[in-house]
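A short write-up of the structure that comes next.
Not measured: the values here are computed from a predicted model. Sequence lines set the chain letters: A, B, ... in the order given, protein chains first and strands last, and positions in each chain run from 1.
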Number of protein chains: 2
Amino acid sequence: MSPTIKDVAKRAGVSIATVSLVIQNHARITTATKTKVQKAIKELNYHPSRSAKGLATKTTGNIGFILTDDHFLQTEPFYTKIFLGTELGTRGTNYYVLLATIARDFNSKDDLPRFILERSVDGIIVAGKATQDFIERIEKLDIPIVFIDYYPTTGNFFTVLIDNTNGGYVATKHLIDLGHKEIGFIGGDIPHPSIYDRFAGYKQALESNGIKFNKKNCIVDEDDPSRPNGYNAAKKILTQNKKITAIFACNDAMAIGVMQYCTDNGIKIPNDISLIGFDDVEADILLNPPLTTIKVPKFELGTEAIHLIENVIRDKSYNNKKKILVPIELIIRNSTKELK
Amino acid sequence: MSPTIKDVAKRAGVSIATVSLVIQNHARITTATKTKVQKAIKELNYHPSRSAKGLATKTTGNIGFILTDDHFLQTEPFYTKIFLGTELGTRGTNYYVLLATIARDFNSKDDLPRFILERSVDGIIVAGKATQDFIERIEKLDIPIVFIDYYPTTGNFFTVLIDNTNGGYVATKHLIDLGHKEIGFIGGDIPHPSIYDRFAGYKQALESNGIKFNKKNCIVDEDDPSRPNGYNAAKKILTQNKKITAIFACNDAMAIGVMQYCTDNGIKIPNDISLIGFDDVEADILLNPPLTTIKVPKFELGTEAIHLIENVIRDKSYNNKKKILVPIELIIRNSTKELK
DNA sequence: TTGGCTTAGTTAAACGTTTAACCTAAAAAC
DNA sequence: GTTTTTAGGTTAAACGTTTAACTAAGCCAA
């Protein structure tokens, strides 16, 4: 069996309290005893047991990461990348991240993730949209919560967000700069704040560049922002308004759908239509042509969330920087082109 | 604060031991007291604390998943998918998976992952290649270990493996069935058992179909099986032997590199060269043409590993099925074609 | 009636830490 | 020279479970 604090105490000739204080680098201890104890620790290769420490301090060293099922399994590894980003964020800290998924339609009949019930996390990160029922139930739990890429409208929560509005603006502005005027917007799940904000950025860009917003250039009634829905939306928008020369898809999945529709129908990108996406997923670079897009730093969303929740855990009354906005970046590849 | 076992005991009018026994569904308890206690549990919304349980039983409910840094960060999310598969595997169990990465060249100067030192895992899953030093150190730890997609040659470990030999065979046989005779093999990191076995399958297929193995058709000196190395290998192999009509790349990353080389040099796939990969990564379907490949069920590797390690944890002397072979599947897309 | 067995529950120790409260000796203050 | 303060530790309780050992009551057989 691994050595315990008792073994160390015995070997160093001190009490177990002293060993504990040495480990915590407490001021009460003289350098003499400190070195003595540290020597014993090293010789025995002692490491405190997390379980015991957890019971004594009511901390666990874990952070729960919650994701809806559909996000976990979707083709584009968007949220799972964010999750991996949290792993990166925990390096150098004393935390581990526990992953759990909940139903997309989580409701009163559903149980909260086990790690919450068993109190094995010190904080919770919620990535993506979650139901109101879920949010209300974790809210009254008296445990730090950080949201990523979603914010409940019902309160002032800690949140790490993509700068979606700016992203929508930059994407649209890029098309405008290339000379396009009839610019389509394709969205899905428009009530989602992220999509909504991208759409808002689109409108802002048009407006501040003297282009009238035209409802006929927008498809916003699709459900999920997925590839097949992008395909459908492309069909609709391109039959609806033949003058369109550029399309801003609210994410890369939909953009890929648009691209497939164009390929199937002999529409050349970027010669006939310029296309820009949003997210910058792995696949983009392999597309033909490679997709111009707005890069979302997915790992960074995860690491920022960890840093934020660490602060909140450390200081329960932490109150500055409740919202962190992660900047986006325009990635110009070959799916957009100057309008002749 | 959440209720403890004491609160339940008081409300049900029994001792805390009885509550504990009820939770464990122990035979000692009559149905009468059982329902009485269960009622109290429900009313208080009691859930046992994992920390306390952990200290008392010396179990943690966690399984450690260890990955080398380079695998964690590589473009193809192969190992991270396996990791996500373990998450799937833990559903319905009482485990969580803790993820840690180690250096690719882990050696005596490096510390073991913190979750091992702090005893916060009940078992360890090691995915992919790890250094001998690392393996030797965890081996003497007296904690269940399961390897995925790698097996140390120095002992009889629990392992979940891809059926690589068969995969290499099936891939090569597919090309042979299409009429190809001059079939190239492109490999990287050939000492890796997985790659080695795919190569072995390639040779077997040639042999049992009356085609002489030709060293000149093989590039096996690349380091990593990565895209750039695939690109280089394609250059080498196609200048080395002009008669080659088909290539089996040891994984999709290298196949993508091959494809890029062909695109850059006006070689048409599949008209000039048939190409088959291995792994079935997301990108395959977006390639032009979509890549024929051998599908590796990545999630399944993870879930199988969880099932296996659960058995080993439950029964320390568990000894059947030390090696689990996960079957592969030929996925025919458009990068392979009958030889005219 | 006695003794033994069974059943169903209780008692109390144990798990390995942290930390508030306590102690003692030496230093400082008067 | 006595009292007070400080420094540097120690003691022991607490955290919330599990479980081996114990107990009391009921039953049965002889």
* To do: Would you mind classifying the nucleic acid contact of Thr18(A) as base, sugar-phosphate or nothing, using non-hydrogen atoms under 4.0 angstrom?
  => base

* Provide, to the nearest angstrom, the distance between the CG atom belonging to Leu55(A) and the P atom belonging to dT19(C). => 12 Å

* Thr93(A) side chain to Thr90(A) side chain, donor-acceptor N/O pair below 3.5 angstrom -> no

* To do: Using a cut-off of strictly less than 4.0 Å, decide whether Lys58(A) has a side-chain nitrogen or oxygen near OP1 or OP2 of dT17(C).
  => no

* **Flag for Thr68(B)-Asp70(B): side-chain donor and acceptor within less than 3.5 Å** => yes

* Is there a side-chain polar atom (N or O) of Gln24(B) under 4.0 Å from OP1 or OP2 of dT19(D)? -> yes

* Nearest-angstrom distance from the residue atom CD1 of Ile5(B) to P of dT19(D) -> 11 Å

* How many Å lie between CD1 on Ile16(B) and C1' on dC15(C), as a whole number? -> 13 Å

* To do: Just call it for Ser20(B): base, sugar-phosphate, or nothing, with non-hydrogen atoms closer than 4.0 Å on any strand.
  => base

* Can you tell me the distance, in whole Å, between the NZ atom of Lys34(B) and the C1' atom of dG9(C)? => 14 Å

* Side-chain H-bond candidate by donor/acceptor type, Ser194(B) with Asp149(B), under 3.5 Å -> yes

* To do: Could you tell me whether Ser15(A) contacts a base, only the sugar-phosphate backbone, or nothing, with contacts defined as non-hydrogen atoms closer than 4.0 Å?
  => base

* Is any side-chain nitrogen or oxygen of Thr30(B) closer than 4.0 Å to OP1 or OP2 of dG9(C)? -> yes

* Structure fact -> To the nearest angstrom, the CD1-C1' distance between Ile41(B) and dT17(D) comes to 13 Å

* Give Ile29(A) one of three labels, base, sugar-phosphate or nothing, depending on what nucleic acid heavy atoms sit under 4.0 Å from its own. => sugar-phosphate

* Roughly how many Å is it from NE2 in His26(B) to P in dT7(C), rounded to a whole number? -> 13 Å

* Spacing between Arg28(A) atom CZ and dC23(C) atom P, to the nearest angstrom -> 14 Å

* To do: Identify which nucleotide among dG16(D), dT10(C), dT17(C) has an atom closest to any side-chain atom of Ala56(A), counting heavy atoms from C-beta outward.
  => dT17(C)

* Asked: Picking from dT17(D), dT19(C), dT10(C), which would you name as closest to the side chain of Tyr46(B)?
  -> dT17(D)

* To do: Starting at atom CZ of Arg50(B), determine the distance to atom P of dC15(C), rounded to an integer number of angstrom.
  => 18 Å

* **Residues Lys140(A) and Glu136(A) bridged, charged N to O under 4.0 Å** => no

* Ala52(B) or Leu21(B): which one's nearest nucleotide on DNA chain D is closer to the 5' end? -> Ala52(B)

* When you measure from the side chain of Ala17(B), which nucleotide among dG16(D), dT17(C), dT10(C) comes out closest? -> dT10(C)

* **Pairing of Arg137(B) and Asp133(B) as salt bridge, 4.0 angstrom limit** => yes

* Asked: Thr33(B) near the nucleic acid: base, sugar-phosphate alone, or nothing, with a heavy-atom cut-off under 4.0 Å?
  -> sugar-phosphate

